[in-house]
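Note that ligands are numbered from 1 as they come in the structure, with each ligand's atoms numbered from 1 the same way.
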Amino acid sequence: MLESEEKYRQVVSTTKDAIMIFDVETREFIEVNKSCEEIYGYRRKEFLTMRHTDITNEPQISEDAIRKLVTGKRYKIPLRYHRKKDGTVFPVEISASIFSHKGRKVICGIIRDITERKRMEEELKTLNESLEQRVANRTAELEMAYKRLQIEVEERKQAEKQIKHMAFHDYLTSLPNRVFFNDRLALAIAHAHRNNEMLAVMFLDLDRFKVVNDTMGHSIGDQLLYNIANKLKSCLREDDTIARHGGDEFILLLPGIKYIENVHKIARKILRAFRYPCIINNHEFSITISIGVAIYPNDGTDPKTLMNNADTAMYNVKEHGKNNYQFYNVIIHASSFNKMILESELHRALVSENFEVFYQPQVNINTGKIVGFEALVRWEHPDQGLIYPEEFLSLTEETKQIISIDEFVLNNACSQNKVWQDAGLQPLCVAVNLSVQTIQRKDLVEVITLVLEKTGMDPHFLVLEITENVAMQNLEAIIHKLNKLCTIGIQIAIDDFGTGFSSLYYLKRFPITKLKISQHFVRDIVTDQSDKAIVSLVIELAQSLKLKVIAEGVETEEQLFFLKQRQCDEIQGFLYCKPLPAREFEEILVQDKHLYCSGEK
Ligand code: C2E
Ligand code: MG
Ligand code: MG
C-alpha cells in the first residue's frame, strides 16, 4: 500500500502535466504537483491559498464543466484557456475526475499545456492554407495558360483560314479568284468529260467602268464592284462558280449544261439584271456588261483555251456596241479575219432560206382571244441549231443583210397569214419587225406593196413594228413613207416604246396606231415602283393619243393583273404562248384554243 502510494507520488511529481486537486465546494486548491508550479508560475504555497477560478480564463465555462463533472463521472473537457501568474493566457487540455477525499468532494484535474501543439497546429494550418492557396494559384495559372493557348490555337486556325481564303479569294468582293477558278474549271472539265456533258465559261467585262472609277474615285468604284459581284451571284445557280478575274472582269463557270439554250438564258438574265442601276450613297450608276461565252467541248477542251475563247467572244461584244453577249463559235467567224465567212454564211442562209419565221400571239387582255400575232425570225444554222435574232441581228445590221432578212420575214409572214385566212381561220393582223435600215430604204413603200400584191394579203392585216430609233435620221422622208403605207391601210406600231433614243415629237408626226410596252418595263412591274409608274404612264399616254397599247414579255398572272387594272388593251408573252414555228402556231389557230388568260387573282 505504502509502496504504491510512493509510486503514485513519484508519477505525480515527475509527469510533465500539471496535476491539481481542488475542493468542489470552495474551489480552493488542496494539492498541486511540481509541473503545476512550472507551468503556471505560482509556488505550491501560493496555490494552496488560491481557488481554481484564479487560473481559468473562462470562469463561466469552467463553472459549467465542474457542474457537469459533479453530476457525471470522468469527463473529457474540450480545449480551454488558463492564465499564468504573469498573466499569459495559454491553451490547455484538461482531463478531470471527481472523488472523495477526507470526507470532502474534490476534483483532480490533469492539465496539459498545449501551447506548442497549438502553435504547430496553427503553423500546419497556415502551411496547409498557403499550400492550398499556392495550388489554387497554380491551377488558376495553368487554366489561364490553357485558355490562352486555346485562344492562340483558334487565332492561328483563323489566320490560316484567312490566309487560305486570301490565297483563293478576291479581297474586295470575297469571290473566288483566278487560281481558285482555274482549279474548279479543271475539275469541271474532267467531270464533263467523264459524263459526256457540256459546260460554259463566261467572260464578263463591265462597260465604261473606268469612267466611273476615274470620275467618282476608287472608293465608289470598289463599292460598285462589290454590288455588281452580288448582282452577278444572284443570277447564278448553286453549282455555278463566279470569280473576279481582276479589275472590272469576272469569270463564270456553268457546269452540267444539257442545252445551249440554258446558257443563253443565264446570259440574258445577267444582261437584264444590269438594266437596273446600282445605287451607292444615293447615286445611281447605270453600268452595262459585255459577256463572251465559250462552251466545252466545242470551243476548247482545256481551261486556257476556254478562257481565251470566252475572252475573244467578250471583245467581240465590245466591238459590236457592248451590253450584250456572244458565243465564241458564232463570233469566231465574225472576227475581222473571218467576218466575210459569217457574212457569206448569212448570205447562204438567205439564199437557201435557212431562216424560219416563228409566230407569237397577241391577245385581247379582257377576252383572252387572239387578236393578232408577231413574226419573229430565227436562223436555222446547219451546225449550231436554232440561233436567236439577238445573236446575229447586230452583225446583219452592220452588213445591211438585215434588209434582206426583213424582206424574207415580211414575205413569209404575209403569205402565211393569207394561207391561214384562205383556210377559213379567223382573219388576224400579222406584225412584222422592220429594222432602221429597212425603214430607210428608198423603195420601202414599193417593196411592201409588191409583197402584198404577190401574197394577196389585205394591207389592213399588216402591222409594221418600228423602233423609236428610226426617228433619228431623215425624219421627213420617213414620215412621208409611213404616211403612204398608212393610206393603203397598213398599221404602224412603235416597238419597245421608251427604250430608244428619241424625243416624243415623232409620236405627233408618225401615223402610229399602236404602242408596244417593252418587256424591260413589264418584267418587274409588280415589284419595281419606277416600272409601275412608267407602264401606267405609257398606257395613259396611249389612251389619250387614242392609240392601242400592248404589253410584251408578260410572263406572270401578277403582271397580267396589273396591266388589266391599268386597262392595257393587249398582251404578248410567255404567259399566253411563246413564239412557235408556223405549223405549231397553226394548231393553236385551228383549235381556236381558249388558253387560260383570266387576269383575275
Ligand atoms: P421584239 O420585236 O420586241 O420581240 C419580242 C421579243 O420578246 C421576242 O424575242 C420574243 O421571243 C420575246 N418574248 C415574247 N414574249 C416574251 C416573254 O414573255 N418573256 C420574254 N423574256 N421574252 C418574250 P426574239 O424573237 O428573240 O426577238 C428579239 C428581237 O429581235 C425582237 O424584239 C426584234 O427587235 C428583233 N427581231 C426579231 N425578228 C426580227 C425581224 O424579222 N426583223 C427585225 N428587223 N428584227 C427582228
Ligand atoms: Mg417586235
Ligand atoms: Mg419589243
Side-chain angles (χ1 to χ4, degrees), residues 261 264-273 275 324-325 346 349-350 353 355-363 372-379 386-414 416 429-441 444 451 462-470 491-500 514-525 538 549-560 563 570-581 585 595 597:
E261 175 52 22
H264 285 270
K265 276 188 188 153
I266 293 171
R268 278 189 225 124
K269 194 173 172 190
I270 294 170
L271 289 177
R272 274 204 305 272
R275 286 194 185 127
N324 211 338
Y325 73 97
L346 277 163
L350 272 167
E353 304 210 333
F355 290 99
E356 192 176 350
V357 184
F358 277 43
Y359 298 96
Q360 186 179 32
Q362 297 175 331
V363 171
F373 49 90
E374 179 174 6
L376 295 158
V377 71
R378 268 82 181 116
W379 179 9
L386 206 63
I387 302 179
Y388 291 88
E390 282 164 1
E391 275 161 39
F392 60 89
L393 280 193
S394 58
L395 183 80
T396 60
E397 276 164 15
E398 208 179 293
T399 60
K400 301 270 192 302
Q401 283 168 311
I402 186 75
I403 297 174
S404 311
I405 294 175
D406 282 350
E407 204 174 324
F408 170 86
V409 174
L410 184 71
N411 254 305
N412 266 263
C414 291
Q416 183 63 73
C429 283
V430 60
V432 175
N433 293 285
L434 293 189
S435 63
V436 176
Q437 283 91 336
T438 299
I439 300 285
Q440 281 171 348
R441 275 178 83 154
L444 179 73
V451 168
L462 179 61
V463 180
L464 298 176
E465 290 195 5
I466 61 173
T467 62
E468 293 164 303
N469 296 346
V470 297
Q491 301 169 57
I492 309 292
I494 299 293
D495 203 354
D496 301 329
F497 181 73
T499 59
K514 202 184 226 183
L515 289 188
K516 291 194 79 175
I517 304 173
S518 165
Q519 51 179 282
H520 301 162
F521 300 129
V522 174
R523 191 185 330 111
D524 295 324
I525 209 175
V538 174
V549 58
I550 178 166
E552 60 180 19
V554 180
E555 294 181 355
T556 67
E557 288 286 348
E558 287 78 14
Q559 292 166 337
L560 178 63
L563 292 162
E570 295 167 10
I571 58 144
Q572 178 181 342
F574 297 166
L575 176 67
Y576 193 86
C577 183
K578 61 178 187 176
L580 296 170
F585 187 68
L595 299 178
C597 192

Who's the nearest protein heavy-atom neighbour of [atom], and how far?
atom	answer
atom 31 (C) of ligand 1	Leu376 CD2, 4.2 Å
atom 25 (O) of ligand 1	Arg378 NH1, 2.6 Å
atom 6 (C) of ligand 1	Gln519 NE2, 3.5 Å
atom 18 (O) of ligand 1	Phe574 N, 2.6 Å
atom 42 (N) of ligand 1	Asp406 OD1, 2.7 Å

If you count the atoms of ligand 1 from 1 in the order shown, which ones are under 4.0 Å from a heavy atom of [X]?
X	result
Glu552	3 (O), 5 (C)
Gly553	16 (C), 17 (C), 18 (O), 19 (N)
Val554	18 (O)
Ser435	44 (N)
Leu393	30 (O), 35 (C), 36 (N), 45 (N), 46 (C)

Part of [X] within contact of ligand 1 (heavy atoms, under 4.0 Å):
X	answer
Arg523	neither
Lys578	neither
Asp496	side chain

Inset, instruction - Run the ring-centre check on Phe355 versus Phe392 and record whether the distance is less than 6.0 Å. - result: yes

Inset, instruction - Return yes when at least one N/O/S atom of Glu374 is nearer than 2.8 Å to the Mg ion (ligand 2), and no when none is. - result: yes

Inset, instruction - Quick one: report the N, O or S atom of Asp495 that is nearest to the Mg ion (ligand 2). - result: OD2

Legend entry - Donor-acceptor contact present, side-chain Gln519 to main-chain Glu552, <3.5 Å: no

Inset, instruction - Say whether, by atom type as modelled, one donor and one acceptor occur between the side chain of Gln559 and the main chain of Val522 under 3.5 angstrom. - result: yes

Inset, instruction - Using the Mg ion (ligand 3) as the apex, give the angle to atoms OD1 (Asp496) and OE2 (Glu552), rounded to 10 degrees. - result: 80°

Legend entry - Option nearest atom 38 (N) of ligand 1 (shortest heavy-atom distance, choices Ile571, Val377, Val409, Val436): Val377

Legend entry - Angle, OE1 of Glu465 through the Mg ion (ligand 2) to OD1 of Asn433 - 10° precision: 90°

Inset, instruction - Decide whether an N or O pair under 3.5 Å exists between Asp495 and ligand 1. - result: yes

Legend entry - Side-chain heavy-atom pair Pro579, Phe574 within 4.5 angstrom cut-off: yes

Inset, instruction - Before accepting this row, confirm whether a basic side-chain N of the pair Lys516/Glu374 lies closer than 4.0 Å to the acidic partner's carboxylate O. - result: yes

Legend entry - Under-4.0 Å heavy-atom contact between protein and atom 45 (N) of ligand 1: yes

